[in-house]
Peer 1: 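First, the structure itself, so that you have it in front of you.
Note that the structure is predicted; figures quoted are calculated from it, not measured. We count residues from 1, following the sequence as given.
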Amino acid sequence: MSSEANRATVKKMWQALSDMDWDVMRACMHPEIFYEDVPADDPGAHGPDNCVKRLQIAFKHLEKQEQTIHQLIVDGDAACYEHTEKWTFKTGETAEHKFCTVHELKDGLIVRWSDYWDVNKFVGQFPGWFIEEMMKSTAADFTD
């Protein structure tokens, strides 16, 4: 696929994440996708359904997730997306942090999604109740 087509796919997937439109997100993901938060201890998620399950563990507690795009660099089947995410929890608290995401695309779909971020700076903003909720989840919640 062209860089422009891949750019459109990346933007579409990230907009779907902000909209929490899980069906559109799945449609942007290659069947072989691997998604990881690089600084996290879990093994990441394989396949569109497991990726969405992994995201929903946190996102079910959010009122909204907003993104500010700093850069989206696409070269063929590789993309680098530098952005700030602002999470607004259903209870009103917010957390905001800068991420750098690396994507690889295959057949016009995202096959690799690796997020790079500072765990302490972002998680340090989370409300205590949310951290307690996250501690209840394990990798078994998003693996087949």
Side-chain angles (χ1 to χ4, degrees), residues 1 4-74 77-144:
M1 303 297 280
E4 285 309 308
N6 287 337
R7 175 184 303 276
T9 299
V10 170
K11 288 179 87 170
K12 181 178 180 180
M13 190 203 74
W14 281 94
Q15 183 60 54
L17 180 61
S18 280
D19 296 339
M20 296 186 216
D21 187 334
W22 308 116
D23 292 333
V24 171
M25 279 201 73
R26 280 185 196 91
C28 295
M29 296 177 182
H30 191 277
E32 298 170 5
I33 189 171
F34 174 65
Y35 162 51
E36 64 179 333
D37 282 310
V38 174
D41 289 333
D42 70 63
H46 295 269
D49 289 337
N50 288 327
C51 291
V52 167
K53 285 180 200 174
R54 186 173 190 266
L55 290 162
Q56 288 175 328
I57 291 169
F59 277 56
K60 69 182 177 185
H61 300 286
L62 301 182
E63 182 66 33
K64 62 183 172 177
Q65 187 265 20
E66 303 164 283
Q67 298 160 37
T68 301
I69 300 171
H70 305 295
Q71 301 186 73
L72 174 55
I73 303 164
V74 181
D77 290 334
C80 180
Y81 180 54
E82 181 186 21
H83 63 287
T84 297
E85 293 186 22
K86 181 178 180 183
W87 290 14
T88 302
F89 296 90
K90 290 181 178 177
T91 49
E93 301 96 340
T94 62
E96 192 168 338
H97 191 64
K98 188 181 253 188
F99 288 74
C100 185
T101 301
V102 175
H103 288 301
E104 182 180 337
L105 291 98
K106 181 178 176 181
D107 303 325
L109 299 171
I110 296 169
V111 70
R112 178 178 156 226
W113 174 358
S114 298
D115 277 336
Y116 296 85
W117 49 286
D118 185 319
V119 173
N120 293 326
K121 283 186 179 179
F122 195 38
V123 173
Q125 299 175 57
F126 293 168
W129 66 263
F130 180 71
I131 293 171
E132 289 175 16
E133 284 297 311
M134 294 300 94
M135 298 295 289
K136 296 176 185 176
S137 299
T138 69
D141 295 325
F142 51 85
T143 55
D144 291 333

Peer 1: Can we say R54 and D37 salt-bridge, meaning some charged N sits less than 4.0 Å from an Asp/Glu carboxylate O?
Peer 2: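 Result for this pair is yes, salt bridge flagged.
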
Peer 1: Looking at K53, I'd like to know if its NZ atom is crowded, meaning that more than 12 non-hydrogen atoms belonging to other residues, nucleotides or ligands lie closer than 6.0 Å.
Peer 2: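 More than 12 heavy atoms, drawn from other residues, nucleotides or ligands, come within 6.0 Å of this atom.
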
Peer 1: If we ignore hydrogens and angles and just use 3.5 Å, is the side chain of S18 paired with the main-chain N or O of Q65 as donor and acceptor?
Peer 2: yes

Peer 1: I would like to know whether L109 and M29 meet side chain to side chain contact (heavy atoms under 4.5 Å, CB included); could you show each step before the answer?
Peer 2: CA-CA 5 Å; L109 299 171; M29 296 177 182; 6.0 Å; no

Peer 1: My understanding is that only residues two or more places apart in sequence, or in another chain, count here; which of them pass salt bridge (charged side-chain N to carboxylate O under 4.0 Å, His left out) with E63?
Peer 2: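 Partners of E63 under the salt bridge (charged side-chain N to carboxylate O under 4.0 Å, His left out) test: none.
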
Peer 1: By ring pair (Phe, Tyr, Trp, His ring centres under 6.0 Å), which residues pair with H30, not counting sequence neighbours?
Peer 2: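 Testing H30 for ring pair (Phe, Tyr, Trp, His ring centres under 6.0 Å), a comparison that skips the adjacent residues, returns none.
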
Peer 1: Any chance you could lay out the side chain to side chain contact (heavy atoms under 4.5 Å, CB included) test for E85 and W117, step after step, and finish with the verdict?
Peer 2: CA-CA 11 Å; E85 293 186 22; W117 49 286; over 6 Å; no

Peer 1: Using 0.5 Å steps for rounding, measure from the CG atom of L17 to the NZ atom of K12.
Peer 2: 14.5 Å

Peer 1: Heavy atoms only: give me the nearest G108-N6 pair and the separation to one decimal.
Peer 2: CA-OD1, 3.8 Å

Peer 1: What's the shortest heavy-atom distance between I33 and C51, and which atoms?
Peer 2: CG2-SG, 3.7 Å

Peer 1: Identify the residue among T101, D19, I69 that makes a side chain to side chain contact (heavy atoms under 4.5 Å, CB included) with W14.
Peer 2: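 Of the listed options, the one satisfying the test is T101.
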
Peer 1: Nearest 0.5 Å, please: how far is CE in M134 from CD1 in I131?
Peer 2: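 Rounded to the nearest 0.5 Å, the CD1-CE separation comes out at 10.0 Å.
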
Peer 1: Would you please test T9 and H103 for side chain to side chain contact (heavy atoms under 4.5 Å, CB included) and show each step?
Peer 2: CA-CA 11 Å; T9 299; H103 288 301; over 6 Å; no

Peer 1: To the nearest 0.5 Å, what is the distance between OG (S137) and CD (Q56)?
Peer 2: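 Going from the OG atom of S137 to the CD atom of Q56 covers 11.5 Å.
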
Peer 1: Quick check: does any side chain N or O of K90 sit under 3.5 Å from a backbone N or O of K60, one acting as donor and the other as acceptor?
Peer 2: yes

Peer 1: Quick check for you: to the nearest 0.5 Å, what is the distance between H97 atom NE2 and T84 atom OG1?
Peer 2: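 Reported to 0.5 Å precision, the distance equals 8.5 Å.
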
Peer 1: For the atom pair CZ (F130) and CD (Q125), what is the distance rounded to the nearest 0.5 Å?
Peer 2: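 Going from CZ on F130 over to CD on Q125, the span is 12.0 Å.
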
Peer 1: Check F34, F142, Y35 against H46 for a ring pair (Phe, Tyr, Trp, His ring centres under 6.0 Å) and give me the one that passes.
Peer 2: F34

Peer 1: Below 30° counts as parallel, above 60° as perpendicular, anything between as tilted: where do the rings of F89 and W129 land?
Peer 2: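 Perpendicular.
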
Peer 1: Please report the interatomic distance CD(E82) to CG(L72), rounded to the nearest 0.5 Å.
Peer 2: 11.0 Å

Peer 1: Between K106 and D77, does any NZ, NE, NH1 or NH2 come within less than 4.0 Å of an OD or OE carboxylate oxygen?
Peer 2: no

Peer 1: Show the nearest heavy-atom pair for residues M25 and L55, with the distance to one decimal.
Peer 2: CE-CD1, 3.7 Å

Peer 1: Using the six-membered ring wherever Trp is involved, compare the ring planes of H83 and Y81 and label them parallel, tilted or perpendicular (cut-offs 30° and 60°).
Peer 2: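 If you compare the ring of H83 with that of Y81, the planes turn out parallel.
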
Peer 1: For a 4.5 angstrom cut-off between non-hydrogen side-chain atoms, does K136 reach D141?
Peer 2: no

Peer 1: Answer yes if the ring centres of W87 and H61 are under 6.0 angstrom apart, and no otherwise.
Peer 2: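 No.
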
